[in-house]
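A short write-up of the structure that comes next.
The chain is numbered in sequence order, starting from 1. Only this structure's heavy atoms are used, side chains among them; waters, hydrogens and symmetry mates stay out.
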Amino acid sequence: MSQTRLAPPGPCELAVIGAGPVGTSLAILAAQAGFTVTLIDGRPSTDENSTDTRTFAVVRGSWRLLMATGIGPELAGQTTPLNGLDAEDGGTHWFGAPHAAFSAEDLDRDPNGEPLGQMVPAGALQAALDRQTAEVPGLTWLRGARFSGMTTGPAGAEISLEDGRMVRAGLVAACDGIHSAVRNSLGLRTEGRSYGKSVFAADVTLSRPHHGIARQLFTPEGPFATLPLPGDRANLAWYMKAGAAETLAKLPKNQIEAELNARFADFAGEMRMDGPPLSYPLVMQIAEKMVGPRTALLGDAARRINPLAGQGLNLGFKDVGALVDVMTSARETGLDPGSDTVLAQYQDWRRFDAAATAMGMDLIDRAFSNDNGLLKGLRGLALTAANRIAPLRRALARQASADQAHLPSLMR
C-alpha cells in the first residue's frame, strides 16, 4: 500500500476519485481484476469512520459484490441479516391497513444461505474497506489528496491535486458524491428537485423483537421505517416536513423518545434512543449523462434518489460491478477501457435502471404521502396485489434484493 507522498504516483489504468464505500470497493475490485489503480481519497489521514452512525441496507446482490472484495471476515459479527420487508399503508381505511410483505422465500435459494440482505453499520463497512485497500497489490492509495481539476485527451486524463501533484490515468471514476467536483469540472449537468422534506434518523432499542424484518409505515406526512440491527435494536428513518427533522434532532433525548412513542409505538413497539440522532434534507438529483471524456460517474455523483427503499447505495454497487465488467471485457477484446465506445456501454447498461429506480421511488413517495381517498384505494389494491400474487411478489423481491440474472457478474 502506498500512502500520500510528495512524489507523484506513476500512470495508472484507473483513477478513482472519492473513497466512500462505492469508491473503495471499485478500487479494490478493479485492482483484484489486474488493473493498476490509484485511489484519490480526500479524507484526512486522521479521519475516524466510527463517527458515522448510519446503517446501510445492503441487499443480496450488493452483499455478494462486497464479499468479493474480501472484507467478509472484517465484518463478522457486526451485521444483521435482513430476513424480510414489510410495508403498511397508514392513514384511515375502511377495512384495515393494506400491506405487502417479502422474505427470502420469495427468492431463489442462495447456495450460501444468504437472506434478502444485510444491515451493515456505515463505520464498520468503511473501516473494513479501508483495511482491505491497504493490502491489495496494484492499488496506490493517496490519503488526504483532493481533486482540483482535470484535462482529458485521446491518450488519457491528467488529474490535478490541490497539493500540486498530477495523476495520469486511462480512465477516471467519479465517486465523489452528490456535489461531485469531477462531474462539475466536465460541465455535466444535473436535474432534480427538493422534496421539501427532511429525514430524522437514529438508532433505537425496541421493546419487542424485530426478527430481522425491515418495516415501513406510510403516513400522510411521509414514511416511517425501522431497519433491524443486532439485538432488539433498529435504525429508524422518519420523513418529515423540511425543518421538522432538524428541530427534532436537537431536542433532549427524553423529548425525542416521547415524540416517537406517541406517534409510532403501536407500529414499532416502545422505542428508546440508542445513540445520537441525525437529520438530512431529502432531494433527488440525476446527472443528464453518466459519462464524459475518459470519465464514468458512479453512486451519488451519478444520482441521488429518495432513500425510501434503501436503494441508493445499492445502485452505486451496481455501478461498480458494471464498470468492472465493462473494463474487463474491453481488455479481453483489445479495446481501451477509457474510450468513448466502452464508456457508452457502461452508460447504456446503467442509465435506465438507475433512472427507473429514481422515478419509481419518487412515484411511491408522491402516491403514499397523502390521505387522498382515490389514491388510498389504488395503492391499497397495489399493496394487496403485491402481497397475494406470488409471481408479482417474487419479481418485486428480486428487484429489491438485486438478485437477477442480468446484473453484473460480481452480484450474481
Main chain of [Y], side chain of [X]: is a donor-acceptor contact present, judged purely on distance under 3.5 Å?
| X | Y | result |
| --- | --- | --- |
| Ser180 | Asp176 | no |
| Arg189 | Ala287 | no |
| His210 | Gly212 | yes |
| Thr190 | Ile286 | no |
| Asn314 | Val59 | yes |
| Thr333 | Ala330 | yes |
| Thr36 | Glu13 | yes |
| Asp300 | His179 | no |
| Glu257 | Met273 | yes |
| Thr247 | Gly243 | yes |

Hey, are the side chains of [X] and [Y] touching, using non-hydrogen atoms and a 4.5 Å cut-off?
| X | Y | answer |
| --- | --- | --- |
| Val342 | Asp336 | no |
| Pro408 | Trp349 | yes |
| Val320 | Leu298 | yes |
| Leu260 | Leu236 | yes |
| Leu82 | Pro228 | yes |
| Glu191 | Glu288 | yes |
| Leu278 | Phe200 | no |
| Arg193 | Gln285 | no |

Taking all non-hydrogen atoms of both residues, which atom of [X] and which atom of [Y] are closest, and how far apart?
| X | Y | result |
| --- | --- | --- |
| Gly34 | Arg331 | C-NH1, 3.7 Å |
| Cys12 | Thr38 | SG-OG1, 3.5 Å |
| Gly84 | Leu116 | CA-CD1, 3.4 Å |
| Ile159 | Ala15 | CD1-CB, 3.5 Å |
| Val16 | Cys175 | CG1-SG, 3.9 Å |
| Gln32 | Gln132 | NE2-NE2, 3.9 Å |

- Task: Given salt bridge (Lys or Arg N to Asp or Glu O under 4.0 Å), test Asp319 with Arg351 step by step and report yes or no.
- Result: CA-CA 9 Å; Asp319 295 340; Arg351 183 165 178 77; over 6 Å; no
To the nearest 0.5 Å, tell me how far [X] [atom1] sits from [Y] [atom2].
| X | Y | atom1 | atom2 | value |
| --- | --- | --- | --- | --- |
| Arg304 | Ile178 | CZ | CD1 | 4.0 Å |
| Leu410 | Leu65 | CG | CG | 5.0 Å |
| Lys250 | Ser279 | NZ | OG | 7.5 Å |
| Leu139 | Ile28 | CG | CD1 | 7.0 Å |
| Asp274 | Arg233 | CG | CZ | 4.5 Å |
| Arg168 | Thr151 | CZ | OG1 | 9.0 Å |

- Might you confirm whether atom CZ of Arg272 has over 12 heavy atoms from other residues, nucleotides or ligands at distances under 6.0 Å?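 Counting other residues, nucleotides and ligands, CZ of Arg272 exceeds 12 neighbours.
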- For Asp266, look at atom CG and say whether over 12 heavy atoms of other residues, nucleotides or ligands are found less than 6.0 Å away.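 Atom CG in Asp266 is not crowded, with 12 or fewer foreign heavy atoms closer than 6.0 Å.
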Is [X] salt-bridged to [Y], going by a charged N under 4.0 Å from an acidic O?
| X | Y | answer |
| --- | --- | --- |
| Arg350 | Asp353 | yes |
| Arg263 | Glu221 | yes |
| Arg60 | Glu114 | no |

- Should the pair Arg54 and Phe56 be classed as cation-pi, given the thresholds of under 6.0 Å to the six-membered ring centre and 45° from the axis?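 Pair Arg54/Phe56 does not count as cation-pi.
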[X] and [Y]: side chain donor to acceptor below 3.5 Å:
| X | Y | answer |
| --- | --- | --- |
| Glu246 | Ser198 | yes |
| Gln118 | Thr79 | yes |
| Asp130 | Gln126 | yes |

- Task: Show the numbers, then the answer: is there a side chain to side chain contact (heavy atoms under 4.5 Å, CB included) between Thr219 and Leu217?
- Result: CA-CA 6 Å; Thr219 75; Leu217 176 69; 4.0 Å; yes
- Step by step, work out the side chain to side chain contact (heavy atoms under 4.5 Å, CB included) result for Glu88 and Gln216. CA-CA 6 Å; Glu88 179 179 320; Gln216 188 153 268; over 6 Å; no
- Query: Passes salt bridge (Lys or Arg N to Asp or Glu O under 4.0 Å), Arg208 versus Asp232? Steps please.
  - Reply: CA-CA 7 Å; Arg208 59 193 187 209; Asp232 294 333; over 6 Å; no
- Task: Using the side chain to side chain contact (heavy atoms under 4.5 Å, CB included) rule, take Leu161 and Leu142 through it: C-alpha gap first, then chi angles, then the decisive distance, then the call.
- Result: CA-CA 10 Å; Leu161 303 181; Leu142 304 183; 4.1 Å; yes
- What do you reckon, are the aromatic ring centroids of Phe317 and Trp63 less than 6.0 Å apart?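 Ring centroids of Phe317 and Trp63 are no less than 6.0 Å from each other.
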- Item | Partner of Tyr346 by side-chain contact (heavy atoms from CB on, under 4.5 Å), out of Asp325, Leu171, Leu297, Val291 |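 It is Val291; the other options fail the test.
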- Between Phe267 and Phe224, what is the ring plane arrangement, given parallel below 30°, perpendicular above 60°, and tilted in between?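 Perpendicular.
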- Could you check Leu125 against Ile71 for side chain to side chain contact (heavy atoms under 4.5 Å, CB included), going step by step and ending with a plain yes or no? CA-CA 8 Å; Leu125 175 59; Ile71 65 171; 3.8 Å; yes
